[in-house]
J.: 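Pasting in a structure now, in structure tokens, and then I'll have a few things to ask.
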Amino acid sequence: MNILLIIPAAPGDRWVDGPIYLPFPQLAMPTVAAATPPQFKVKILDEKVEPIGDAPDADIVGITIDTTVANYAYSLARKFRERGSFVVLGGPHVSVLPHEAVFHADAVIVGDAEDTWPQFLSDFSSGRSKKIYYSNYPSLSRIKPPRLDLLKPGAYPTLSITHASRGCPYHCEFCCIPALSGNCYRHRPIEEVAKEVEAHDGLLTIFWDDNLTADRKYARQLFTALKPLKKRWIGQATILFALNRALVKQAAGAGCIGLFLGIESFSTESLKEAKKGFNPTERYGEGIRNLHDHGIAVDAGVIFGFDHDDPAVFERTLDAAASLRLDCVNFNILTPFPGTPLYVRLKKEGRLLTRDWSYFQPYKNVVFQPKQMTPHQLFNGYLRAAKNYYRTWPILKRVFFTPWFLSTKRLSWFMNFQLRKNIPLTFSDAFPADGATNNEGLIEKRGQIEKSIGIQSDRT
Ligand code: B12
Ligand code: SF4
């Protein structure tokens with residue numbers, strides 16, 4: 001029996017279409033492929049790098065879906081069902097909205113594949129598959145290494161991706177990780193992770209963990225196991241990790257050259273509002289210095305649009321980013337993804353502007369009514385900040401100040417130019433003005449909400 005696993009990409013998000021967001025491979029489908037019993041023949045097709053037209057006919061088609069691509073993925077599911085394949089959907093969007101996804105599929109998977117997928121395949125083989133499979137979020141002690149060999153060779157800057165944990169112990173308001181990971185934080189056995197990293201032959205290993213260092217004891221043991229491998233790696237953590245000088249030193253010794261840090265905001269009020277009050281703004285400088293002292297570059301995630309953000313937030317953020325000497329910044333517009341407490345709150349407050357998932361793109365749209373700005377002001381402020389930050393001269397200055405280790409500098413250079421590519425080129429590319437848009441409903445709703453909460457519209 002043939003299985004085709006698809007990583008969907010809507011037109012405009014494929015690499016042939018031009019600049020795209022970080023061109024790294026995805027871990028979900030290689031992991032699902034690894035969890036597939038050997039009697040099935042599996043292929044992976046990443047639409048970002050190869051056209052779907054080349055897809056072979058398959059008995060079962062699995063599609064992984066995040067919210068940004070949900071509408072497009074549903075249309076793909078329809079196409080494959082019409083061609084006679086049995087279509088199974090999974091991934092973040094499906095896991096939080098299984099009852100929506102099930103309308104577009106023959107079966108859906110909620111949560112992890114390791115327990116659900118083999119069960120579905122067994123049921124399917126005996127002709128009695130169910131509509132929805134719920135994961136029990138099993139122990140990660142015996143998961144198989146991802147089938148990276150099924151990704152298109154030569155299509156990505158590195159194929160060395162892995163993960164050591166799933167989930168995160170925190171509950172930030174805008175984040176759906178707790179919902180996706182069954183509200184638990186699980187680790188893989190360290191020797192299995194180290195074995196996988198040892199087998200990587202790329203220049204750089206990427207840990208796709210949600211929060212690699214949340215458990216300090218585990219992190220220490222992991223770094224001890226990674227050290228003798230003499231590999232370089234990057235991952236995701238919180239600023240709390242950066243404040244632990246001993247642990248940072250150990251991470252650097254184990255090959256860490258860069259971290260994505262969820263800074264989110266420089267305002268204590270906004271962080272409290274986002275249930276991320278554990279980020280100590282007054283100690284950001286100390287944390288960044290710790291990382292820099294050990295040759296670790298910092299890509300800071302920043303979000304604009306919290307209720308405490310006023311129109312001056314953009315300027316303040318740029319000043320703070322420059323004075324902290326961040327190596328690069330990942331600017332986002334606050335986006336209430338389904339499955340987050342933020343989505344529930346904004347819906348209750350009548351501030352969601354649309355449920356058309358194709359607009360839920362933190363780089364391209366404002367899908368809610370901000371408190372202290374109009375959606376236009378928020379989008380314009382975000383865009384101006386990002387464009388300003390990613391001018392050539394400031395990039396060169398930043399890379400100059402990145403710690404002097406060849407691999408760290410190279411990483412900083414790569415990330416700055418990749419993130420610059422991600423900025424929508426013009427205002428109208430991403431958020432068309434009235435009259436030029438095909439989304440009149442959204443614009444009209446904006447008008448109504450602005451009026452109802454007394455915001456003066458800045459649209460002509
Ligand atoms: C690595 C990562 C990235 C990478 C790589 C992209 C990728 N899609 O992997 C990069 C940095 C490029 C990225 C970009 C973005 N990401 Co991202 N990313 C992640 C992250 C941290 C880890 C994903 C991962 O590899 N996990 C490890 C694998 C093994 O687990 P998994 O993906 O959950 O897959 C398991 C199950 O879900 C299941 N499964 C998944 N799909 C399917 C399909 C089938 C058929 C079956 C049977 C099972 C199945 O099986 C797997 C094994 O158990 C997740 C967080 C998360 N935990 O999901 C966010 C996450 C997926 N990203 C998110 C977002 C919003 C984005 C961005 C829009 C930007 C942003 N500001 O964060 C962009 C654009 C995404 C895009 N469309 O390209 C959100 C999505 C929210 C949502 N509701 O859809 C998440 C959940 C983060 C969050 N905090 O909310 N991301
Ligand atoms: S934003 Fe980061 S720290 Fe907060 S819950 Fe999500 S993964 Fe954890």
Side-chain angles (χ1 to χ4, degrees), residues 3-10 13 20-36 46 48 60-70 72-73 87-97 105 107-118 120-121 133 135 137-138 140 143 146 161-163 165-181 185 206-212 214 235-240 260-262 264 274-276 278-279 299 301 303 330-333 335-340 343 357 360-364 418 422:
I3 300 177
L4 175 65
L5 298 176
I6 298 180
I7 303 164
D13 289 336
I20 55 108
Y21 182 62
L22 305 179
F24 297 124
Q26 208 234 26
L27 196 53
M29 284 322 206
T31 308
V32 175
T36 307
D46 181 350
K48 283 198 172 84
I60 300 171
V61 170
I63 307 178
T64 184
I65 307 185
D66 68 52
T67 301
T68 62
V69 78
Y72 170 73
V87 172
V88 186
L89 305 180
H93 187 76
V94 175
S95 296
V96 296
L97 292 177
V108 302
I109 302 288
V110 177
D112 286 2
E114 283 77 8
D115 51 348
T116 50
W117 180 239
F120 156 73
L121 290 173
Y133 286 81
S135 173
Y137 303 95
L140 301 181
I143 65 170
I161 53 171
T162 187
H163 72 307
S165 62
R166 288 188 197 163
C168 172
Y170 299 108
H171 289 82
C172 306
E173 194 192 26
F174 54 82
C175 180
C176 58
I177 298 299
L180 293 181
S181 50
Y185 182 51
I206 307 178
F207 279 95
W208 272 155
D209 299 54
D210 306 313
N211 186 350
L212 180 63
Q236 306 194 95
T238 69
I239 184 82
L240 296 179
F260 174 87
L261 291 190
E264 326 300 3
K275 310 282 179 291
K276 200 157 186 169
F278 59 83
N279 264 13
D299 173 8
I303 300 176
N330 211 313
F331 295 104
N332 290 270
I333 297 166
T335 302
F337 282 106
T340 63
Y343 181 89
W357 307 127
F360 281 61
Q361 312 228 23
Y363 308 114
K364 293 188 183 163
Q418 279 301 323
N422 189 48

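Throughout, numbering of the chain's residues begins at 1 and tracks the sequence. Both ligands and their constituent atoms are indexed starting at 1 by order of listing. Every value quoted in this text rests on a predicted model; they were computed, and no experiment measured them.
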J.: Between K276 and ligand 2, find which residue part has any heavy-atom pair under 4.0 Å and reply side chain, backbone, both or neither.
T.: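 It is the side chain that touches ligand 2; the backbone stays farther off.
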J.: Below a 4.0 angstrom heavy-atom separation, can you tell me which part of C175, side chain or backbone, both or neither, approaches ligand 2?
T.: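 It is the side chain that touches ligand 2; the backbone stays farther off.
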J.: Ignoring hydrogens, just give me the one of W208, Y133, F24 whose non-hydrogen atom is nearest atom 4 (C) of ligand 1.
T.: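 Looking at heavy atoms only, W208 sits closest to atom 4 (C) of ligand 1.
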J.: Examine ligand 1 and decide if any of its atoms is less than 4.0 Å from a heavy atom belonging to V69.
T.: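 Per 4.0 Å heavy-atom rule, V69 does not contact ligand 1.
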J.: So which bit of T67 gets within less than 4.0 Å of ligand 1, heavy atoms only: side chain, backbone, both or neither?
T.: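 It is both parts that get close, each with some atom under 4.0 Å.
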J.: Check contact between G339 and ligand 1, using heavy atoms of the residue and a distance below 4.0 angstrom.
T.: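 Distance cut 4.0 Å: G339 fails for ligand 1.
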J.: With heavy atoms only and a cut-off of under 4.0 Å, state how I63 meets ligand 1: side chain, backbone, both or neither.
T.: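 Under 4.0 Å from ligand 1, I63 contributes backbone atoms alone.
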J.: Could you tell me if the side chain of I161 sits less than 4.5 Å from the side chain of F24, heavy atoms only?
T.: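 F24 does not reach I161 side chain to side chain.
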J.: Heavy-atom distance to atom 36 (C) of ligand 1: which of G111, G91, A28 wins?
T.: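 It is G111 whose heavy atom sits nearest to atom 36 (C) of ligand 1.
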J.: Give the atom numbers and elements of ligand 1 that come within less than 4.0 Å of a heavy atom of P362.
T.: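 This gives 68 (C), 71 (N) as the contact atoms.
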J.: Could you tell me, atom by atom, which parts of ligand 1 come under 4.0 Å of a heavy atom of L180?
T.: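 Answer, ordered by atom number: 58 (O), 86 (C).
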J.: Does ligand 1 have an atom that lies less than 4.0 angstrom from a heavy atom of Y363?
T.: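 Contact present.
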J.: Hey, what's the ring geometry for F120 with Y133, parallel, tilted or perpendicular (30° and 60° as the breaks)?
T.: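 Perpendicular.
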J.: Parallel under 30°, tilted from 30 to 60°, perpendicular over 60°: which one fits the rings of H93 and W357?
T.: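 Correct class here is perpendicular.
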J.: Is the shortest distance from a heavy atom of Q236 to ligand 1 less than 4.0 Å?
T.: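 Yes; Q236 lies near enough to ligand 1 that a heavy-atom distance drops under 4.0 Å.
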J.: Identify, by atom number and element, the atoms of ligand 1 in contact range of V32, meaning under 4.0 Å from any of its heavy atoms.
T.: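 Atoms satisfying the 4.0 Å criterion: 46 (C), 48 (C), 49 (C), 50 (O).
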J.: Near atom 8 (Fe) of ligand 2, is there an N/O/S atom from C168 that is less than 2.8 Å away?
T.: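 An N, O or S atom of C168 is closer than 2.8 Å to atom 8 (Fe) of ligand 2, so yes.
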